[in-house]
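Taking it in order: structure first as structure tokens, then the write-up.
Keep in mind the model is a prediction, meaning the values are calculated, not measured. So you know, we letter chains A, B, ... as the sequences are listed, proteins then strands, and number each from 1.
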Protein chains: 2
Amino acid sequence: MAEAVHRLIAHDGLDAATMAAVAREAGFSVGLVQHYFTSKDDLLLFAYERMTADQLGRVARLVEEGEAAQQPIRAILKRCMPQLWPLDAPRRGEYRVSRVFHARALDNPTIAEVGRRTAAVVRAQIARAVANGKECGEVEKGTDAELAAVELAALIEGLADDLYREPGPPVGERTMDGAAQAVLESRLRALFPGECRHYA
Amino acid sequence: MAEAVHRLIAHDGLDAATMAAVAREAGFSVGLVQHYFTSKDDLLLFAYERMTADQLGRVARLVEEGEAAQQPIRAILKRCMPQLWPLDAPRRGEYRVSRVFHARALDNPTIAEVGRRTAAVVRAQIARAVANGKECGEVEKGTDAELAAVELAALIEGLADDLYREPGPPVGERTMDGAAQAVLESRLRALFPGECRHYA
DNA sequence: CCGATAACCATACGACGGTATGGCAACGCC
DNA sequence: GGCGTTGCCATACCGTCGTATGGTTATCGG
């Protein structure tokens, strides 16, 4: 059912995610989804939490893989962050859903809390990455990990908006896609200038 | 009427901005707002355009003032950008409205176009500021103005989200407010390291 | 002064969405 | 084998919202 909600919102917006539509999309009856979710808000909240959990899970897996392959932290971050960018169809869908809930969070404390928490998790993960970088020599000692995390997290979010608005084709003489990648790359290179001294 | 729409959305969300509510808030009858706006979408679009125009106008005025006072470009930018941040009540209102329309833009091409245009204007203004900075010595010649503009614009947007979520009080041991200011300050200082050679 | 256009209003209409209700089938415990 | 609990459904209900309609007042050019 959560998948149905996700599909509907991703494809046609929140208004399309009516109880009847969700039931139809999921192949059940309206009564059944009522049986599992006491209200529509419950349903939406569940779908939202599920999606954010998915996203965080994906990046966690990437981090794990990267660490296993002994990649430098900068490289890991560079692979993780575009996970939250609307670069292909499924992620454009996720972006759409996230924006919808972002707006809904303005008047729904529960949803706002989910958003707040995931944002905090993202920041914390980046901060940890930077701290680790200081440990292993990729990051200069003077760098403020918390501040760097705030910056990078904000950058990802902001660039995601631009990427959604201007997909593929050019803005000016460069594609937004390339610009976003370039900006991220440049900031990561500035924040992680060194080489890891642990891995040969 | 546009003001009424703005107030309602800013205070109670999009759902509160019903035709009847808008009419009541504005002190008119439902029929009258129908008289001026052929549909609700029209009304919302108008209110949205009005708000973005307001914002851009404010920024433009600040730029003008700054130039008149012969402030360095970095200082001007530093004063302009928080205009788009939800730091006080009216700007929190604007932020809320902008998020609502941001979501609505996902399924409404006209609104999306307005968002796209204003984002482009913001980017262009920043890019021009950077270019001017190169001219007058505040910015290093090697800096890519377009790229810097994309970065700064994205940064503002992303930080705005954080600021709305975590107003005033602390996250970790620093207020988000301070963190955002610090991040912006640091990036501006990195991108505008020099002094203007025109003004004594 | 008059007639038309614009400002303005109260209300009716039609549609739709979330929830409530009552009921049917199936399964498992006594 | 009965019986209650659970899974599941169709549909009725009620509120609300956007819009349509018909009419009333005011404004103003000729």
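Taking a 4.0 Å limit (strictly below) on heavy-atom distances, residues 98-108 of chain B does not reach DNA chain C anywhere.
Through chains of ILVMFWY side-chain contacts below 4.5 Å, A:I76 is grouped with A:V63.
Across all strands, A:Y36 comes closer than 4.0 Å only to sugar-phosphate atoms, never to a base (heavy-atom distances).
Residue pairs satisfying the salt bridge (charged side-chain N to carboxylate O under 4.0 Å, His left out) criterion with at least one member in residues 74-86 of chain A, sequence neighbours excluded, are listed as follows: A:K78-A:E185. The stretch residues 43-57 of chain B participates, sequence neighbours left out, in these side-chain hydrogen bond (donor to acceptor under 3.5 Å, both in side chains) pairs: B:Q55-B:E94. Among residues at least two apart or in separate chains, side-chain hydrogen bond (donor to acceptor under 3.5 Å, both in side chains) pairs with a member in residues 4-13 of chain A are A:R7-A:E25. For residues 26-46 of chain B, every residue pair satisfying the salt bridge (charged side-chain N to carboxylate O under 4.0 Å, His left out) rule, not counting sequence neighbours, is listed here: B:D41-B:R104. Annotation: ring-ring contact (aromatic ring centres under 6.0 Å, His included) contacts involving residues 14-42 of chain B, sequence neighbours excluded, comprise B:F37-B:F46.
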Pairs under 3.5 angstrom only: tabulate donor-acceptor contacts from the side chains of residues 109-117 of chain A to other protein residues two or more places apart or in another chain.
from, atom 1, to, atom 2, distance (Å)
A:T110, OG1, A:N108, OD1, 3.3
A:E113, OE1, A:R116, NE, 3.2
A:E113, OE1, A:R116, NH2, 3.2
A:R116, NH1, B:R165, O, 3.1

Do any N or O atoms of the protein come closer than 3.5 Å to N or O atoms of nucleotides 16-20 of chain D, and which pairs are they?
from, atom 1, to, atom 2, distance (Å)
D:dG18, OP1, B:K40, NZ, 2.2
D:dG18, OP2, B:T18, OG1, 2.6
D:dG18, OP2, B:M19, N, 2.9
D:dT19, OP2, B:K40, N, 3.1
D:dA20, N7, B:Q34, OE1, 3.3
D:dA20, N6, B:Q34, NE2, 3.1

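For B:Y95, the ring pair (Phe, Tyr, Trp, His ring centres under 6.0 Å) partners two or more places apart in sequence, or in a different chain, are B:Y164. By the salt bridge (Lys or Arg N to Asp or Glu O under 4.0 Å) test, B:E157 is found to be paired with B:R99, residues two or more places apart in sequence or in another chain being considered.
With B:R91 contributing its side chain and B:P86 its backbone, the two residues share no donor-acceptor pair below 3.5 Å.
Rounded to whole angstrom, the span from the CG atom of A:L32 across to the P atom of D:dT11 amounts to 17 Å.
Bounding nucleotides for the chain B contact on DNA chain C, 5' to 3', at a heavy-atom distance below 4.0 Å, are C:dA7 to C:dC9.
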